Novice: 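First, the structure itself, so that you have it in front of you.
Since the model is a prediction, treat every value here as computed from it, not as a measurement. Below, chain A is the first sequence line, B the second, and so on; all start at residue 1.
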Amino acid sequence: MPNSFKRTLVTAALPYANGPVHIGHLAGCYLPADIYVRYLRSIGSDVKFICGSDEHGVPITIKAKKEGITPQQVVDKYHKIMGDAFNEFGISFDIYSRTSNKTHHQTASDFFKTLYDKGGFTEQVTEQYYDEEAKQFLADRYITGTCPKCANPNAYGDQCEKCGSTLNATDLIDARSTLSGSKPVLKQTKNWFLPLDKLQPKIKAYIDLHSNWKPNVYGQCKSWIESGDGLQPRAMTRDLDWGVKVPVAGADGKVLYVWFDAPIGYISATKELLPNNWKDYWQNKESRLIHFIGKDNIVFHCIIFPAMLMEHGEFVLPDNVPANEFLNLEGEKISTSRNWAVWLHEYLQEFKGQQDVLRYMLCSNAPETKDNDFTWKDLQTKNNSELVAILGNFVNRTVVLTHKFYNGKVPAAEKFSKEDMIVLEELAKFPSKISEPLEHFKFREAISELMNLARLGNKYLADTEPWKLIKTDEERVKTIMNIALQITTNLAILSEPFLPFTSKKLFSFLNINPLTWLFAKKTNNLPTNHVIGKEELLFAKIEDEQIQLQLQKLENSKKENTPAPSIPPQKVETTFDEFSKMDIRVGTILEAERVPKTDKLLKLKIDTGIDVRTVVSGIAEWYKPEDIIGVQVSILANLAPRKIKGIESQGMILMAENTQGELSFVVPTKKDKTNNGSIVK
RNA sequence: UGCGGGAUAGAGCAGGGGUAGCUCGUUGGGCUCAUAACCCAAAGGUCGGGUGUUCGAAUCACCCUCCCGCUACCA
């Protein structure tokens with residue numbers, strides 16, 4: 001840690017209290033944060049580790065409505081599940097608070113007020129959709145309608161997932177509220193915006209000072225600031241009744257934007273932990289602020305929150321934001337809604353006492369530089385061939401031999417051979433071999449060095465063969481075993497940040513009180529004749545059946561969650577006359593080719609019987625050009641031509657779309673009886 | 001569309017101008033204290049593709065392909 005800082009405040013992203021915690025959260029944020037903090041504690045740094053549940057925002061109110069309970073009941077439930085799971089997993093928060101509590105409301109409110117009084121906000125009146133039945137304004141995501149660009153009837157208010165275009169909710173045709181299904185009305189509303197556009201130069205200067213941040217983080221920040229129109233003003237209040245009330249006149253029915261209030265949660269939690277000296281950590285230049293987050297949070301922690309802190313004026317800014325990428329599960333994105341996840345609270349139940357197995361797996365396979373994949377097979381391999389075979393086995397060999405030769409009494413090291421000296425020299429290098437990468441947030445490298453220490457131990461035993469020597473040179477064996485025990489002691493010390501449960505067990509095998517990092521350099525941690533504890537296996541093998549069980553579980557949730565058949569409701573009634581206006585023909589595809597620089601588009605040449613024309617169709621995901629030459633399709637022939645990607649499309653191919661959004665041609669079944677130009681009616 | 005990150009042995013990753021490296025897996029050997037564990041050795045890569053800069057490129061520049069993410073409320 002840079003010497004210019006006297007203390008460190010580490011925060012881990014406040015998990016959103018609408019679902020439990022899964023391995024993605026852990027690998028991305030909580031585990032690296034915990035390892036870092038435990039390390040800092042071990043070297044004697046002044047550090048506080050802050051977290052809590054993020055309990056505001058629209059999704060929680062929706063969930064409450066769906067389940068017929070209050071938002072408070074929703075957050076109470078998940079706050080407990082998450083807090084308990086973190087605790088049992090060994091995430092060593094100094095405090096796990098929550099944003100629905102009083103301290104936080106007060107703190108967030110004061111913070112807003114301070115910015116408000118300084119003129120830090122701009123007021124803007126905008127028109128927003130309002131659901132009269134549900135009596136609330138609608139976030140863009142809770143409005144669906146027909147996409148004005150591609151006519152997809154299930155576009156969201158912020159984006160059409162079909163054609164990928166970014167939308168405003170007001171662009172949608174036939175907008176509907178997903179809350180009540182009713183038709184929302186436009187209503188004027190006033191909100192307070194943080195003028196990020198004006199703050200851009202300050203923010204840019206701040207980011208430029210931190211080019212040492214991880215490439216993914218620094219790159220993202222630069223990208224936001226420099227690309228396009230730069231930063232845009234962003235609303236810091238919302239029309240909603242669940243959250244921190246906006247503390248100014250004329251703001252009834254408004255709360256702070258959840259992303260305004262959430263990071264302030266770090267401050268509130270610190271206050272709660274240290275009512276008297278929380279300012280030491282937040283308002284003192286000798287304090288270092290570090291945010292652990294996942295990559296989706298980069299913009300809030302690197303741009304918006306620092307901007308808020310700058311404008312407030314009394315706070316230190318984040319010194320580093322070591323965001324990780326994402327973790328996939330068995331090759332697919334983790335998804336809460338599809339239940340494609342390994343939930344921490346379930347793991348803890350199904351793998352009792354095996355916290356460190358998951359910690360080891362998630363750390364050594366952490367998505368530090370790019371997205372990574374978690375597979376159960378890997379977890380089994382890592383457990384069986386690394387934790388069991390290398391670390392567990394070395395410790396077991398050492399403890400067993402000590403009991404066998406000396407009844408558990410630590411033998412004295414008398415004379416060191418050259419071989420011993422080399423091993424001791426190597427041993428002495430490990431504290432820094434591990435701490436150096438840790439201080440640069442390279443957790444994978446650090447934990448692999450830890451395993452190398454166990455390898456060193458195994459090799460030493462294999463090279464010196466004390467079980468043979470005991471017959472010929474008892475004196476020499478004493479030294480060997482003493483050194484093996486010293487290696488074990490160092491493993492106990494150095495494993496603590498990564499594998500705290502293992503570390504604890506090791507100290508109890510050794511029958512000494514836990515030691516901190518600085519002791520790893522000492523050679524007298526185990527006095528001669530000190531009696532060590534009984535052997536016990538450090539890690540158990542994980543059998544194929546256990547892995548199969550987990551895979552089966554995932555398979556099941558896939559089955560249960562895949563269909564989600566939401567058949568769109570029938571459209572409004574139409575007439576035969578109106579239908580007759582559509583001139584639908586059978587045609588044959590003569591040519592087909594990909595439209596360059598697009599994912600979905602094919603350029604088709606179609607013989608419609610009437611003529612041969614060009615049609616651009618968004619079907620490239622479902623049909624390969626070479627496979628569809630000569631295929632008969634239905635085409636809406638009298639649709640007004642339209643330019644797509646610079647090509648004039650003269651008609652539209654009719655497609656059947658299933659609930660999964662997969663497309664298929666609508667074709668006549670009697671091919672020989674339907675000549676090109678046949679009318680569909 | 002724009003932007004960011006990534007592509008290196010069967011798998012997972014590190015390296016960022018000068019004999020291509022680690023872990024796991026595989027194969028052969030050694031050992032038997034130890035959870036069929038441990039130790040040694042070997043095989044395995046034209047470092048996504050192309051062009052260029054250079055005495056020399058996995059590394060720098062330009063172009064291309066593919067994966068992931070962001071484009072403003074799911075780590």
Side-chain angles (χ1 to χ4, degrees), chain A residues 12-16 18-19 21-30 54 56-59 139-141 158-159 164-166 196 214-224 226-228 231-232 234-235 238 257-259 262 292-300 303-304 323-328 333-337 341 364-365 367-373 375 377-378 381-382 384-386 388-390 392-402 404-405 442 444-445 448 451-452 454-455 457-463 465-468 470 481 484 535 537-541 597-598:
Chain A
L14 305 188
Y16 198 57
N18 73 338
V21 171
H22 58 61
I23 52 169
H25 301 117
L26 295 175
C29 168
Y30 305 102
D54 174 12
H56 296 139
V58 180
D140 289 347
R141 201 168 133 205
D158 50 352
Q159 192 187 24
S165 45
T166 310
L196 293 172
K214 289 177 62 175
N216 57 332
V217 177
Y218 183 69
Q220 278 283 317
C221 295
K222 294 297 270 186
S223 146
W224 271 303
E226 286 166 8
S227 75
L231 301 173
Q232 298 301 313
R234 185 170 171 84
R238 292 290 144 107
Y257 175 44
V258 62
W259 270 113
F292 281 85
I293 55 169
K295 69 170 155 185
D296 55 326
N297 270 342
I298 291 174
V299 66
F300 298 105
I303 293 181
I304 298 178
N324 270 352
E325 304 281 307
F326 281 149
L327 190 66
N328 292 327
K333 266 209 236 185
I334 293 178
S335 159
T336 303
S337 55
S364 57
N365 192 34
E368 272 171 21
T369 52
K370 61 169 189 195
D371 289 2
N372 268 347
D373 198 24
T375 67
K377 193 78 201 149
D378 279 354
T381 306
K382 288 236 180 245
N384 292 357
S385 60
E386 294 182 29
V388 173
I390 295 167
N393 197 227
F394 167 69
V395 171
N396 191 236
R397 299 169 87 180
T398 304
V399 174
V400 166
L401 285 178
T402 305
K404 203 173 265 182
F405 298 161
K442 294 181 172 177
R444 283 193 309 220
E445 186 184 334
S448 92
M451 203 45 72
N452 282 342
R455 288 194 178 92
N458 276 320
K459 182 165 158 49
Y460 179 65
L461 288 183
D463 289 349
E465 300 182 304
W467 50 89
K468 270 190 189 166
I470 193 73
M481 289 315 298
E535 83 224 48
L537 292 182
L538 212 45
F539 299 99
K541 280 210 156 195
K597 303 236 175 208
T598 66

Novice: Could you report the tightest heavy-atom contact between A/Ala262 and A/Leu14, atom names first, then the distance?
Specialist: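 Minimum heavy-atom contact is O-CD1, 3.1 Å.
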
Novice: A/Ile470 has an atom CD1; how far is it from atom P of B/A34, in whole Å?
Specialist: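 Taking CD1 of A/Ile470 and P of B/A34, I get 14 Å after rounding.
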
Novice: Who pairs with A/Ala323 by side chain to side chain contact (heavy atoms under 4.5 Å, CB included), at least two apart in sequence or on another chain?
Specialist: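 Applying side chain to side chain contact (heavy atoms under 4.5 Å, CB included) to A/Ala323 gives A/Val217, A/Ile293, A/Ile298.
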
Novice: Any non-hydrogen side-chain atom of A/Pro15 less than 4.5 Å from a side-chain atom of A/His25?
Specialist: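 Heavy-atom side-chain distance check fails, nothing below 4.5 Å.
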
Novice: For A/Ile303 and B/G4, give me the distance from atom CD1 to atom C1', rounded to whole Å.
Specialist: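 Distance check: A/Ile303 CD1 to B/G4 C1' gives 12 Å.
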
Novice: Can you tell me how far the OG atom of A/Ser385 sits from the NZ atom of A/Lys541, to the nearest 0.5 Å?
Specialist: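 A/Ser385 atom OG to A/Lys541 atom NZ measures 8.5 Å (nearest 0.5 Å).
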
Novice: Can you tell me the distance, in whole Å, between the CG atom of A/Asn324 and the P atom of B/C74?
Specialist: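 Those two atoms, CG and P, are 19 Å apart.
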
Novice: Under 3.5 Å between N/O atoms: give me all the protein pairs with nucleotides 29-33 of chain B, atom names plus distance.
Specialist:
from  : atom 1 : to       : atom 2 : distance (Å)
B/C33 : O3'    : A/Lys404 : NZ     : 3.1
B/C33 : O2     : A/Arg397 : NE     : 3.2
B/C33 : N3     : A/Arg397 : NE     : 3.1
B/C33 : N3     : A/Arg397 : NH2    : 2.5
B/C33 : N4     : A/Arg397 : NH2    : 2.8

Novice: How far does the P atom of B/U27 sit from the matching atom of B/A37, given to the nearest Å?
Specialist: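 Nearest-Å result for B/U27 against B/A37 at atom P: 12 Å.
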
Novice: On a whole-Å scale, what distance lies between the C1' atoms belonging to B/A43 and B/G48?
Specialist: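 Pairwise C1' distance, B/A43 against B/G48, rounds to 24 Å.
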
Novice: Would you say A/Asn365 and A/Arg444 make side-chain contact, with heavy atoms under 4.5 Å?
Specialist: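 Contact flag for A/Asn365/A/Arg444 side chains = no.
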
Novice: Are A/Ile304 and A/Trp259 packed together at the side-chain level, in the sense that at least one heavy-atom pair is separated by less than 4.5 angstrom?
Specialist: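 No, every pair of side-chain atoms sits at 4.5 Å or beyond.
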
Novice: Please check this pair: side chain of A/Lys214 against backbone of A/Glu368, looking for a donor-acceptor N/O pair closer than 3.5 Å.
Specialist: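 Pair found, side chain donor or acceptor close to backbone of A/Glu368.
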
Novice: Does A/Thr398 reach the side chain of A/Leu461, with side-chain heavy atoms less than 4.5 Å apart?
Specialist: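 Yes; the side chains approach each other to less than 4.5 Å.
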
Novice: How many angstroms lie between NZ in A/Lys442 and OG in A/Ser448, if you round to the nearest 0.5 Å?
Specialist: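 It comes to 12.0 Å.
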
Novice: So A/Tyr30, base contact, sugar-phosphate only, or nothing? Heavy-atom distance under 4.0 Å.
Specialist: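 No contact at all - A/Tyr30 keeps every heavy atom at 4.0 Å or more from the nucleic acid.
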
Novice: When rounded to the nearest Å, what value does the distance between C1' atoms of B/A20 and B/U8 take?
Specialist: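 My reading of the C1' atoms in B/A20 and B/U8 gives 9 Å.
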
Novice: Between B/U46 and B/G10, how far apart are the P atoms? Round to whole Å, please.
Specialist: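 Nearest-Å result for B/G10 against B/U46 at atom P: 9 Å.
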
Novice: Rounding to a whole Å, what distance do you find between A/Ile293:CD1 and B/C74:P?
Specialist: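 That distance rounds to 14 Å.
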
Novice: What distance, rounded to whole Å, do you find between the two P atoms, one in B/C73 and one in B/C38?
Specialist: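 Roughly 50 Å separates the two P atoms.
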
Novice: Does some side-chain heavy atom of A/Phe539 sit less than 4.5 Å from a side-chain heavy atom of A/Asn396?
Specialist: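 They are not in side-chain contact.
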
Novice: What are the atom names and distances for every N/O pair under 3.5 Å that joins the protein to nucleotides 40-45 of chain B?
Specialist:
from  : atom 1 : to       : atom 2 : distance (Å)
B/C40 : OP1    : A/Lys459 : NZ     : 3.4

Novice: When the P atoms of B/U71 and B/A7 are considered, how many whole Å apart are they?
Specialist: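 After rounding to an integer number of Å, I get 23 Å for this pair.
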
Novice: Roughly how far, to the nearest 0.5 Å, is the CE atom of A/Met451 from the CD1 atom of A/Ile390?
Specialist: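 If we round to the nearest 0.5 Å, A/Ile390:CD1 and A/Met451:CE are 6.0 Å apart.
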
Novice: Has A/Tyr30 got a side-chain atom pairing as donor or acceptor with A/Phe292's backbone, closer than 3.5 angstrom?
Specialist: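 Looks like no, no N/O pair under 3.5 Å.
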
Novice: Under 3.5 Å between N/O atoms: give me all the protein pairs with nucleotides 23-28 of chain B, atom names plus distance.
Specialist:
from  : atom 1 : to       : atom 2 : distance (Å)
B/U23 : O3'    : A/Arg455 : NH2    : 2.6
B/U23 : O2'    : A/Glu386 : OE2    : 3.2
B/C24 : OP1    : A/Arg455 : NH2    : 3.4
B/C24 : O3'    : A/Ser385 : OG     : 3.2

Novice: On RNA chain B, does the nearest nucleotide to A/Tyr460 precede the nearest nucleotide to A/Asn297 from the 5' side, or the other way round? Give the residue.
Specialist: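 Closer to the 5' end of RNA chain B: A/Tyr460.
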
Novice: In which stems does RNA chain B show up, taking only runs of three or more Watson-Crick or G-U wobble pairs whose two distances fall under 3.5 Å?
Specialist: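 For RNA chain B the paired stretches long enough to count as stems (3 pairs minimum) are B:2-7 with B:65-70, B:10-13 with B:21-24, B:26-30 with B:38-42, B:48-52 with B:60-64.
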
Novice: For A/Gly24, which contact category applies under a 4.0 Å heavy-atom criterion: base, sugar-phosphate, or nothing?
Specialist: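 The answer is base, as A/Gly24 lies within the cut-off (heavy atoms under 4.0 Å) of a base atom.
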
Novice: Rounded to whole angstroms, how far apart are CD1 on A/Ile298 and P on B/C70?
Specialist: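 Taking atom P of B/C70 as the reference, CD1 of A/Ile298 is at 10 Å.
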
Novice: Please give, in whole Å, the distance from B/A34 C1' to A/Phe539 CZ?
Specialist: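 Computing the A/Phe539:CZ to B/A34:C1' distance gives 16 Å.
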
Novice: Work out how far the P atom of B/G69 is from that of B/G16, and round it to whole angstrom.
Specialist: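 My reading of the P atoms in B/G69 and B/G16 gives 28 Å.
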
Novice: Does the side chain of A/Arg397 come within less than 4.5 Å of A/Asn458's, by heavy atoms?
Specialist: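 Yes, close enough: below the 4.5 Å cut-off.
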
Novice: B/G6 C1' sits how many Å from A/Phe326 CZ, rounded?
Specialist: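 From A/Phe326 CZ to B/G6 C1': 15 Å.
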
Novice: Could you give the distance from OH (A/Tyr16) to NE2 (A/His56), rounded to the nearest 0.5 Å?
Specialist: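 The OH atom of A/Tyr16 sits 9.0 Å away from the NE2 atom of A/His56.
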
Novice: Return the polar atom pairs (N/O with N/O) between nucleotides 14-16 of chain B and the protein under 3.5 Å, or none.
Specialist:
from  : atom 1 : to       : atom 2 : distance (Å)
B/A14 : OP1    : A/Thr369 : OG1    : 2.7
B/A14 : OP1    : A/Arg444 : NH2    : 2.4

Novice: When all nucleic acid strands are considered with a 4.0 Å heavy-atom cut-off, which category describes A/Asn393: base, sugar-phosphate, or nothing?
Specialist: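 Base, at least one base heavy atom under 4.0 Å.
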
Novice: Between the side chain of A/Asn384 and the main-chain N/O of A/Ala389, is any donor-acceptor distance below 3.5 Å?
Specialist: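 Answer holds: no.
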
Novice: Whole angstrom is fine here: how far is it from CE in A/Met451 over to C1' in B/G12?
Specialist: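 Distance check: A/Met451 CE to B/G12 C1' gives 15 Å.
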
Novice: Quick one, A/Lys459 with A/Asp463, criterion salt bridge (charged side-chain N to carboxylate O under 4.0 Å, His left out). Give me CA distance, side-chain angles, the key distance, then yes/no.
Specialist: CA-CA 6 Å; A/Lys459 182 165 158 49; A/Asp463 289 349; 3.2 Å; yes

Novice: In whole angstrom, give me the gap between the P atoms of B/G17 and B/U59.
Specialist: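 Straight-line distance between the two P atoms is 11 Å.
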
Novice: A/Ile334 versus A/Phe326: any side-chain heavy-atom pair under 4.5 Å?
Specialist: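 The answer is no; the side chains never approach within 4.5 Å.
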
Novice: Using a distance-only test with no angle check, is there a side-chain donor-acceptor pair under 3.5 angstrom linking A/Asn452 and A/Arg455?
Specialist: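 Result is yes, a qualifying pair exists.
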
